[in-house]
Amino acid sequence: RLMTNQPRLVFDWQHFAAVEIGRTLWHPRNLHHVETSDYNKMIEALHLLKKAGYRRIGMAIEPTQNKHQRGTYYAAYLVSQLRQAANQRLPIASATGPWNEQTFGAWMKKHRPDVLIVHHEKEIMGWLDKLGLSVPDDISIFCVNAQKDYLSGLRRDYHTIGRSAVEMVSLLLESGDLGLKDNPRCWQVDEFWQKGQTLSKPLDEFLSPTGFLLQKYAL
């Protein structure tokens, strides 16, 4: 039952050293796992976008992806909104109606963000094109899953995530740590900051040549 909105995996766990990559499974909930620090990275991204000069930062991540990430994207965004004056706050796009082109278009026209935080960039950029808006001239894009080189945003380090998962399995086997645990281990792997070409106000000055946040800007 993995191809569902709440994937479950029934298995005789007591005989195995198991490590989950990310937080995909809804059951069991207590596997050892390796993941990215999505909440902290989202807080950092909002901080840097403000320092770069953006004032109307919009959240346009599809609700299914936010749910997949246990609500971390919306949670970080809403926390940042509480620090804004009431007349400067922007609602999350998906909170204004069904997730579709019509709702998005109405939200864009009403709230006029100058940068969008997105996940499925192809869909959003298609909708922007139909609104007559070009990226980054008319509006900027910050992608939380920037797997294409031209996208500005965060890029997961899948190589290190996979290697870390293998290392954890090896440690569990060496120590005879099998089955499910009440206090599973959690390792976090940092993401790369990708400069890309979709921000009109780039974040380059805040980033190292290797794609990490310069220490003086760390939260």
Side-chain angles (χ1 to χ4, degrees), residues 19-24 32-84 90 92-95 113-124 135-136 140-165 168 185-219:
V19 175
E20 180 183 12
I21 293 178
R23 295 273 189 159
T24 300
H32 303 291
H33 55 274
V34 177
E35 63 181 10
T36 53
S37 182
D38 295 308
Y39 182 86
N40 290 338
K41 280 298 182 185
M42 192 78 271
I43 292 292
E44 287 183 341
L46 291 161
H47 174 68
L48 290 190
L49 288 170
K50 289 175 185 175
K51 288 191 74 66
Y54 292 104
R55 293 295 173 262
R56 300 186 64 78
I57 303 172
M59 169 69 71
I61 291 178
E62 59 274 22
T64 53
Q65 184 61 31
N66 182 63
K67 183 177 180 180
H68 180 71
Q69 299 301 125
R70 299 293 194 268
T72 54
Y73 292 136
Y74 289 7
Y77 182 78
L78 290 172
V79 165
S80 76
Q81 289 292 291
L82 291 175
R83 299 171 183 157
Q84 303 289 333
L90 276 67
I92 295 169
S94 65
D114 52 11
V115 60
L116 292 177
I117 298 173
V118 308
H119 173 264
H120 188 192
E121 85 288 341
K122 185 175 181 180
E123 179 178 54
I124 294 295
V135 178
S140 292
I141 291 287
F142 182 94
C143 187
V144 298
N145 186 35
Q147 296 305 310
K148 300 182 178 103
D149 291 342
Y150 74 92
L151 292 169
S152 303
L154 292 166
R155 186 166 192 158
R156 286 189 172 90
D157 184 357
Y158 287 114
H159 175 79
T160 302
I161 291 172
R163 186 181 64 193
S164 297
M168 186 183 287
R185 303 182 187 187
C186 173
W187 289 0
Q188 291 190 332
V189 176
D190 216 355
E191 296 170 90
F192 294 117
W193 294 85
Q194 183 163 282
K195 296 177 180 179
Q197 302 163 15
T198 56
L199 290 174
S200 62
K201 299 173 182 176
L203 304 180
D204 298 24
E205 65 178 290
F206 310 116
L207 309 177
S208 73
T210 52
F212 292 101
L213 187 62
L214 293 174
Q215 193 61 38
K216 63 181 178 178
Y217 296 112
L219 298 182

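Rounded to the nearest 0.5 angstrom, Leu151 CG and Ile141 CD1 are separated by 8.5 Å. The distance from the NZ atom of Lys201 to the CZ atom of Phe142 is 15.5 Å, given to the nearest 0.5 Å. A distance of 12.5 Å separates NE2 of His47 from OG of Ser80, quoted to the nearest 0.5 Å. Separating the CG atom in Asp38 from the CG atom in Leu154 is a distance of 8.5 Å, to the nearest 0.5 Å.
For His32, the side-chain contact (heavy atoms from CB on, under 4.5 Å) partners are Val19, Met168, Leu172, Asp177, Lys181, Pro184, Arg185, not counting sequence neighbours. The salt bridge (Lys or Arg N to Asp or Glu O under 4.0 Å) check on Glu20 picks up nothing, with sequence neighbours excluded. For His68, there are no side-chain hydrogen bond (donor to acceptor under 3.5 Å, both in side chains) partners two or more places apart in sequence or in a different chain. Checked against salt bridge (Lys or Arg N to Asp or Glu O under 4.0 Å), Lys41 has the following partners two or more places apart in sequence or in another chain: Glu44, Asp190. Not counting sequence neighbours, the partners of Ser94 by the side-chain contact (heavy atoms from CB on, under 4.5 Å) test are Pro63, Tyr74, Ile92, Trp99. Annotation: side-chain contact (heavy atoms from CB on, under 4.5 Å) contacts of Asp157 (sequence neighbours excluded): His159, Thr160, Val189, Phe192. Shown here are the side-chain hydrogen bond (donor to acceptor under 3.5 Å, both in side chains) partners of Asn145, two or more places apart in sequence or in another chain: Gln147, Arg156. The side-chain contact (heavy atoms from CB on, under 4.5 Å) search around Pro136 returns Ser140, Ser200, not counting sequence neighbours.
When atom types are taken as modelled, the side chain of Tyr77 and the backbone of Ile57 share a donor-acceptor pair closer than 3.5 angstrom. For Glu35 (side chain) and Cys186 (main-chain N/O), no donor-acceptor pair under 3.5 Å exists by modelled atom type.
Between Arg155 and Asp149, at least one side-chain nitrogen of the basic residue sits less than 4.0 Å from a carboxylate oxygen of the acidic one, meeting the salt-bridge criterion.
Shown here for Ala52 and Pro202, the closest heavy-atom pair between the two residues is CB-O, 4.2 Å.
Each salt bridge (Lys or Arg N to Asp or Glu O under 4.0 Å) pair with one or both residues in residues 113-123, not counting sequence neighbours, appears once here: Glu121-Lys148.
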